[in-house]
Each structure stands twice: as C-alpha cells, then as structure tokens.
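Single-structure report; data block below.
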Amino acid sequence: MQVVVKSTADAAAEYVHALLEKQLTTFPDSVLGLPTGGTPVSVYARLIKGLQPSWKRATTFNLDEYIGLGPEHPASYATYMRKHLFDHVDCPAEQRHIPNGLAADIEAEADRYENAIRRSGGIDFLLLGLGTNAHIGFNEPGSDFRSRTRRVQLTPSTLDANARYFRPGERLPSQAITMGIGTMLEARKIVVMATGQSKADAVGRMFQDPPTIDVPGSALQLARDVLVVLDAASASHL
Ligand code: PGA
C-alpha cells in the first residue's frame, strides 16, 4: 500500500479530488465505487464546483445502504448521494447504482448488485473511507476477506458514529447491504481516505502485519493497487 500524508484534511481532500478528476477526464467511461460518510463530503464539494469533468459516460456503484430506508429517507445513502453529488453532475440515473434497502428479498438484491458490478466490467477506481473500527463500506470486524455484496449487522460503534445523521430519538436501522471485501479487492485501483485524530488508531491497525479479519481495512494489503491518503492527525500512529 502506498501512503500520502497531507498536512490538513482539506489538503487530503484536494489530493483525492485531483485523482478522481484525472480518472474521469482520462477515462470518461470509468466504473467508480463511491463512499458516503463525512470524509468524502469535501471531495464531492470540490468535484461539483466550477468546471467539472463530465460524468455522462461514467458508471457508479455505492458501497452500501441501510436496510429499511427508502431513497427518500433523509439519512439514506441515496439521499446523501443526490445531495452531495448526483444532483450536480450529468451522470445518467441508469448508470448510478446504490443497493435498494427496501428490496423485499435482500439476498436477491445483493446478488443483483454483485452481478451488475460484474456486468459493468468491474470497478476501475474505488474510493473508500475508513470507520473508527476500521470497517470498509459496512464490512464490520469479522467480515470474511472473500465476502461478496450481502446483508450485514451493524456494530454498536458504527451505530453510535452514524446516529448524527438521524433525528434525535429516531431508531437507527441495525442492518445494511454492503459491497463485500472480496468484491472491493477486485477493483483495479483503490484510494482510501481517512482524516482526523479519531481515525489514527484504525489507520495504524490497517497496516498491521499479517492482515486480520478483526481489522477489515487490513484486507487492503492484499489488493493490487492501493493508495492511502491521510492528513497528519490520522497518520499519527504510523
Ligand atoms: P466517516 O465514515 O467518513 O463519516 O468518518 C467513514 C466510514 O464509516 O467508512
């Protein structure tokens, strides 16, 4: 894994933005894997500003969605993606993919998603965040490194970290559909972005040798082309 450490979170976002912009301008028909969460917000904000690369030929696959939330729910990742990216770029709706958290048959939905990724030719550029428990997507500690897109149970620490996106007192979904670690490892390029002191421990453990299923991010040591983009705070345990 290659590592780039920028002094601030803003500089890290600028760096990742430049990589994504270059990917889209050099390869306009790229298949992108896209994360949600706080970390990529400033990357998407840069991408939708000013002279943007065209997303007309791009295909996107989000990492995950909560089971039980529809695309109009304010805390759904479908809403997040419209707000931060898709309402502002020219990517056709039929080329944007997010797991359907309301599917009657979640297992069939996970298979459908996995097949759609395969049919697209596979992910060219996968952007990932890292949870404070080192999860990638919603692959929580204990996830098999060969796992495919599937139903997962969210851990208390993830639910705590994400409670801020829900109304006070609102019940959080306890399950999600996530792209699997095995699915992620097949991406041709992976960029992991982490910022802030709260991620320092997870970042440090991502590099632990040998990789362990207790630290989902450590699976990325097995991928062919991985770049980890950090700010100084998140890199402080390296
Ligand atoms: P965050 O989440 O960007 O909101 O910190 C990262 C993640 O949980 O993958």
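Counting starts at 1 for both ligands and their atoms, following the listed order. All values reported here derive from a predicted model rather than from experimental measurement.
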Q: Would you check if Glu65 and Asn100 make a side-chain contact, meaning some heavy-atom pair closer than 4.5 Å?
A: no
Between ligand 1 and the protein, find all N/O pairs closer than 3.5 Å and give the distance for each.
{"unit_1": "ligand 1", "atom_1": "3 (O)", "unit_2": "Gly38", "atom_2": "N", "d": "3.2"}
{"unit_1": "ligand 1", "atom_1": "3 (O)", "unit_2": "Thr39", "atom_2": "N", "d": "2.8"}
{"unit_1": "ligand 1", "atom_1": "3 (O)", "unit_2": "Thr39", "atom_2": "OG1", "d": "2.5"}
{"unit_1": "ligand 1", "atom_1": "4 (O)", "unit_2": "Gly38", "atom_2": "N", "d": "2.7"}
{"unit_1": "ligand 1", "atom_1": "4 (O)", "unit_2": "Arg164", "atom_2": "NH2", "d": "3.2"}
{"unit_1": "ligand 1", "atom_1": "5 (O)", "unit_2": "Lys199", "atom_2": "NZ", "d": "2.6"}
{"unit_1": "ligand 1", "atom_1": "8 (O)", "unit_2": "His135", "atom_2": "NE2", "d": "2.6"}
{"unit_1": "ligand 1", "atom_1": "9 (O)", "unit_2": "His135", "atom_2": "NE2", "d": "3.4"}

Give the table of side-chain donor-acceptor pairs shorter than 3.5 Å for residues 199-214, with sequence neighbours excluded, one pair per line with atom names and distance.
{"unit_1": "Lys199", "atom_1": "NZ", "unit_2": "Leu130", "atom_2": "O", "d": "2.9"}
{"unit_1": "Thr212", "atom_1": "OG1", "unit_2": "Asp214", "atom_2": "N", "d": "3.0"}

Q) For the residue pair Tyr113 and His97, does the interplanar ring angle fall in the parallel (under 30°), tilted (30 to 60°) or perpendicular (over 60°) class? A) perpendicular
Q. Is it true that a side-chain atom of Thr79 and a backbone atom of Pro71 form a donor plus acceptor pair closer than 3.5 Å?
A. yes
Q) When you look at CZ of Arg171, are more than 12 heavy atoms from neighbouring residues, nucleotides or ligands closer to it than 6.0 Å? A) no
Q | Connected via hydrophobic side-chain network under 4.5 Å: Leu185 and Phe61 | A | yes
